[in-house]
Amino acid sequence: MKYLFDTNIFITSKNQLPADIWPTFWERMAELIRDGRIYSSIKVKEEIERGEDELTAWMKEHSVEGFYIPLDGDIMKQYAATQNWANRCKNFKPEALHTYADVADAYLVATASAQNMVLVTYEKSDPTCRKRVMIPDACRALGVRYCDLNAALRELGVTI
């Protein structure tokens with residue numbers, strides 16, 4: 001199984017597991033990237049690079065060719081499907097729909113759907129949320145499996 005990592009996995013890890021205290025975690029993440037066991041979207045790369053911080057530098061150093069999945073025709077078809085689902089749901093505010101269309105979230109759901117991947121995110125389902133389209137809810141709508149970082153690491157056989 002291939003795992004697709006959300007931006008929030010990297011940012012939360014940077015904030016809660018700093019590399020100077022948790023070097024083994026970051027070594028394992030680098031190995032997973034290098035070995036082609038985890039991936040992310042080109043849209044996540046864009047979000048991380050806007051941070052211009054130590055995470056940006058770490059990602060540049062450890063990302064290998066093929067880690068960031070570019071947008072292709074199949075992904076864009078699924079992007080349209082996830083946008084259609086979100087727009088059909090009457091509970092989202094217009095700002096939520098605009099944000100969902102603009103940030104990496106919809107592209108992640110689309111990529112996971114198009115490439116039969118597990119989307120790894122810290123987001124939690126909240127079908128009643130009006131202010132934001134939550135990744136788990138979009139995943140459910142498109143039949144995409146999702147999990148958090150601990151579940152992904154367990155499934156990948158990683159211990160730290």
Side-chain angles (χ1 to χ4, degrees), residues 1-16 29 32-53 55-56 58-60 62-156 158:
M1 184 57 61
K2 293 181 180 179
Y3 295 84
L4 184 69
F5 278 47
D6 183 7
T7 310
N8 71 23
I9 296 294
F10 296 111
I11 291 174
T12 301
S13 296
K14 174 197 76 161
N15 294 335
Q16 295 183 0
M29 291 294 284
L32 291 168
I33 292 169
R34 188 174 51 250
D35 295 345
R37 298 180 70 203
I38 66 172
Y39 301 86
S40 201
S41 168
I42 193 72
K43 292 295 189 173
V44 167
K45 179 183 182 189
E46 293 169 7
E47 289 183 349
I48 289 173
E49 287 181 348
R50 281 195 294 269
E52 297 181 1
D53 60 7
L55 178 59
T56 307
W58 188 91
M59 295 299 287
K60 284 181 181 177
H62 295 285
S63 298
V64 297
E65 188 173 335
F67 172 69
Y68 290 115
I69 299 172
L71 305 179
D72 64 17
D74 291 337
I75 291 169
M76 294 311 293
K77 285 178 192 168
Q78 293 304 310
Y79 175 81
T82 190
Q83 288 299 316
N84 289 337
W85 163 79
N87 283 299
R88 280 193 315 268
C89 292
K90 300 300 179 196
N91 60 314
F92 297 123
K93 291 184 176 184
E95 303 84 40
L97 294 170
H98 177 74
T99 300
Y100 184 65
D102 196 40
V103 298
D105 296 6
Y107 294 98
L108 284 163
V109 174
T111 301
S113 179
Q115 300 207 0
N116 193 30
M117 302 174 93
V118 177
L119 205 165
V120 182
T121 184
Y122 281 127
E123 284 191 17
K124 303 292 184 203
S125 174
D126 185 357
T128 63
C129 184
R130 298 196 61 205
K131 295 180 181 179
R132 188 152 181 246
V133 178
M134 303 304 288
I135 287 175
D137 300 323
C139 283
R140 280 195 185 121
L142 267 67
V144 171
R145 187 168 162 247
Y146 66 93
C147 67
D148 66 14
L149 179 61
N150 287 334
L153 293 177
R154 277 190 191 102
E155 291 173 17
L156 288 161
V158 174

Contact check, side chains of Ile69 and Met117, non-hydrogen atoms, under 4.5 Å: yes
Evaluate Leu32 against Leu153 for side-chain contact (heavy atoms from CB on, under 4.5 Å), listing each step before the verdict. CA-CA 10 Å; Leu32 291 168; Leu153 293 177; 3.9 Å; yes
Give the minimum heavy-atom separation between Arg37 and Leu156, together with the two atoms involved. NH2-O, 2.6 Å
Where does the angle between the aromatic ring planes of Phe67 and Phe10 fall among parallel (under 30°), tilted (30 to 60°) and perpendicular (over 60°)? perpendicular
With sequence neighbours left out, the residues meeting side-chain hydrogen bond (donor to acceptor under 3.5 Å, both in side chains) with His62 are Trp58
Applying side-chain contact (heavy atoms from CB on, under 4.5 Å) to Val133 and Asp105, what does each step give before you reach the verdict? CA-CA 9 Å; Val133 178; Asp105 296 6; over 6 Å; no
Counting only heavy atoms from other residues, nucleotides and ligands, does the tally under 6.0 Å from NZ of Lys14 exceed 12? yes
Which pair of non-hydrogen atoms, one from Ala112 and one from Val144, has the smallest distance, and what is that distance? CB-CG1, 3.6 Å
Given the rule in the side-chain contact (heavy atoms from CB on, under 4.5 Å) test, do Glu49 and Lys60 qualify, once you have shown the distances and angles that lead to the verdict? CA-CA 9 Å; Glu49 287 181 348; Lys60 284 181 181 177; 3.9 Å; yes
Side chains of Leu97 and Pro94: closer than 4.5 Å at any heavy-atom pair? no
How would you list all residue pairs meeting side-chain hydrogen bond (donor to acceptor under 3.5 Å, both in side chains) that involve residues 86-96, not counting sequence neighbours? none
Does any N or O in the side chain of Thr99 come within less than 3.5 Å of the main-chain N or O of Ala96, such that one atom is a donor and the other an acceptor? no
Let me confirm one number: the CG-CG distance from Asn15 to Asp53, rounded to the nearest 0.5 Å. 8.5 Å
Distance col, row Leu4:CG vs Arg145:CZ, nearest 0.5 angstrom, shows 13.0 Å
Rounded distance (nearest 0.5 Å) linking atom CG of Leu149 with atom CE of Met29: 6.0 Å
Nearest heavy-atom neighbours spanning Tyr79 and Ala101: OH-O, 2.7 Å
I need the Glu46 CD to Lys43 NZ distance, nearest 0.5 Å. 4.5 Å
Looking only at heavy atoms, the pair that brings Thr7 and Ala104 closest together is OG1-CB, 4.4 Å
Pairwise side-chain hydrogen bond (donor to acceptor under 3.5 Å, both in side chains) hits with a residue in residues 109-123, at least two apart: Asp6-Thr121, Asn8-Thr121, Gln78-Ser113, Glu123-Arg132
Would a 4.5 Å heavy-atom cut-off, applied to side chains only, mark Tyr100 and Thr82 as touching? yes
Does the Asp137 side chain pair with the main chain of Asp126, one donor and one acceptor, at a distance under 3.5 Å? yes
May I ask you to test the Leu71-Tyr107 pair for a side-chain heavy-atom distance under 4.5 Å? yes
Nearest-0.5 Å distance, OH of residue Tyr68 to CD1 of residue Ile42: 8.0 Å
Test item: side-chain donor near acceptor, Tyr146 and Ser125, under 3.5 Å: no
Closest non-hydrogen atoms of Tyr39 and Gly66, given as atom of the first, atom of the second and distance, are CD2-O, 3.4 Å
Arg34 atom CZ, neighbour heavy-atom count above 12 within 6.0 Å: yes
From CA spacing to verdict: side-chain contact (heavy atoms from CB on, under 4.5 Å), Ile48, Lys45: CA-CA 5 Å; Ile48 289 173; Lys45 179 183 182 189; 6.0 Å; no
Sole residue of Cys139, Ser41, Pro136 in side chain to side chain contact (heavy atoms under 4.5 Å, CB included) with Leu119: Cys139
